[in-house]
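Down below is the structure, laid out as structure tokens.
Numbering of ligands and ligand atoms starts at 1, following listing order. What you see is a predicted model; the values in this text were computed from it and never measured.
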Amino acid sequence: MKLKSPSRLTTTDYPRIVALWGAAGLHVRPNGRDSQEAFEGQMASGLQTAIGIETESGDLVGIVLATHDGRKGWLNRLAVHPDWRRRGVAKMLIAAAEDALHQQGIDVIAALIEPGNAPSLELFLASGYEEYAGLHYVSKRSRADS
Ligand SMILES: CC(C)(COP(=O)(O)OP(=O)(O)OC[C@H]1O[C@@H](n2cnc3c(N)ncnc32)[C@H](O)[C@@H]1OP(=O)(O)O)[C@@H](O)C(=O)NCCC(=O)NCCS
């Protein structure tokens with residue numbers, strides 16, 4: 001089966017986005033920043049673009065959230081359904097997310113990759129990203145599940 005080109009998703013796509021994150025085994029925060037309410041707020045802010053790739057019959061097989069803070073862009077929650085991996089879906093999503101951020105005037109784009117996620121690290125390196133080895137990520141949150 002063929003795939004459609006990457007396209008923008010909206011808040012009405014939330015249920016199938018969450019289903020895809022689950023199928024892909026992605027670690028998300030369903031009671032925090034990945035809840036439906038939070039997702040709707042992020043989309044309403046205008047700072048987040050959700051991009052998906054569907055099969056020709058309309059099944060969502062890949063998703064990425066592109067956000068920015070005015071200075072830097074971030075690629076979040078990138079996931080590809082296990083049945084559709086190693087076919088360039090994630091690479092297409094990254095390219096589409098980069099285009100969306102460039103159109104918003106954002107020139108620096110980054111992603112956080114959890115330790116041990118070799119496929120994701122390889123993917124970003126293969127997509128032209130530079131690794132900053134030894135960089136420490138720190139965060140402070142209001143609630144443990146935020
Ligand atoms: C990481 C993930 C998004 C990759 O999706 P994908 O569509 O299979 O990736 P692509 O087909 O676009 O791969 C492009 C390149 O990335 C690298 N890559 C992708 N998966 C890889 C793997 N499992 N091992 C090694 N390299 C890999 C390769 O260089 C690949 O090119 P090649 O297939 O020609 O060798 C997918 O495995 C996934 O959804 N994982 C679970 C969720 C996750 O970890 N998301 C990232 C959060 S930061």
Provide the number and element of each atom of ligand 1 under 4.0 Å from a heavy atom of [X].
{"X": "Ala24", "answer": "41 (C)"}
{"X": "Ala79", "answer": "39 (O)"}
{"X": "Leu123", "answer": "12 (O), 13 (O), 14 (C), 16 (O), 17 (C)"}
{"X": "Gly88", "answer": "10 (P), 11 (O), 12 (O)"}

Determine, counting only non-hydrogen atoms of the protein, whether one lies under 4.0 angstrom from atom 34 (O) of ligand 1.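 So atom 34 (O) of ligand 1 lacks protein heavy-atom neighbours under 4.0 Å.
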Compute the minimum heavy-atom distance from Ala118 to ligand 1 and say whether it is under 4.0 Å.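 Not so, Ala118 does not reach ligand 1.
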How close does the nearest protein non-hydrogen atom get to [atom], and which residue and atom is it?
{"atom": "atom 29 (O) of ligand 1", "answer": "Ala126 CB, 3.6 Å"}
{"atom": "atom 39 (O) of ligand 1", "answer": "Val80 N, 2.9 Å"}
{"atom": "atom 44 (O) of ligand 1", "answer": "Asn117 ND2, 2.7 Å"}
{"atom": "atom 12 (O) of ligand 1", "answer": "Lys91 N, 2.9 Å"}
{"atom": "atom 48 (S) of ligand 1", "answer": "Ser120 OG, 3.1 Å"}
{"atom": "atom 45 (N) of ligand 1", "answer": "Leu78 O, 2.7 Å"}

Regarding Arg33 and Ser35, do their side chains bring together a donor and an acceptor under 3.5 Å, going by distance alone?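 Ser35 and Arg33 do not have a side-chain donor-acceptor pair below 3.5 Å.
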Where does the angle between the aromatic ring planes of Tyr14 and Phe39 fall among parallel (under 30°), tilted (30 to 60°) and perpendicular (over 60°)?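 Plane angle between 30° and 60°, so tilted.
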Going through the distances and angles, do Arg141 and Ser139 end up as a side-chain hydrogen bond (donor to acceptor under 3.5 Å, both in side chains)? CA-CA 7 Å; Arg141 40 196 90 217; Ser139 71; 3.1 Å; yes
Residue pair [X] / [Y]: nearest heavy atoms and the distance that separates them:
{"X": "Ala111", "Y": "Leu75", "value": "CB-O, 3.9 Å"}
{"X": "Arg77", "Y": "Trp21", "value": "O-NE1, 3.0 Å"}
{"X": "Asp69", "Y": "Arg71", "value": "OD1-N, 2.9 Å"}
{"X": "Ile53", "Y": "Val89", "value": "CD1-O, 3.8 Å"}

Tell me whether [X] has any N or O atom under 3.5 angstrom from an N or O of ligand 1.
{"X": "Phe124", "answer": "no"}
{"X": "Ala90", "answer": "yes"}
{"X": "Arg87", "answer": "yes"}

Other residues, nucleotides, ligands: >12 heavy atoms within 6.0 Å of Glu56 CD: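 Enclosed: over 12 neighbouring heavy atoms sit under 6.0 Å from CD of Glu56.
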Using a 6.0 Å cut-off, check whether atom NZ of Lys72 has over 12 heavy atoms from anything other than its own residue.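 No, because the 6.0 Å sphere around NZ of Lys72 holds 12 heavy atoms or fewer from other groups.
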Measuring from atom 22 (C) of ligand 1, which candidate in Glu122, Arg85, Arg86 has the nearest non-hydrogen atom?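 The nearest heavy atom belongs to Arg86.
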Which bit of Leu26 is near ligand 1, meaning a heavy atom under 4.0 Å away: side chain, backbone, both or neither?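 The answer is the side chain.
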Taking non-hydrogen atoms only, is Leu112 closer than 4.0 angstrom to ligand 1 via side chain, backbone, both or neither?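 Contact part for Leu112 vs ligand 1: backbone (N, CA, C, O).
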Would Leu93 end up clustered with Leu26 when hydrophobic side chains under 4.5 Å apart are linked, directly or stepwise?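 Result: no, two separate clusters.
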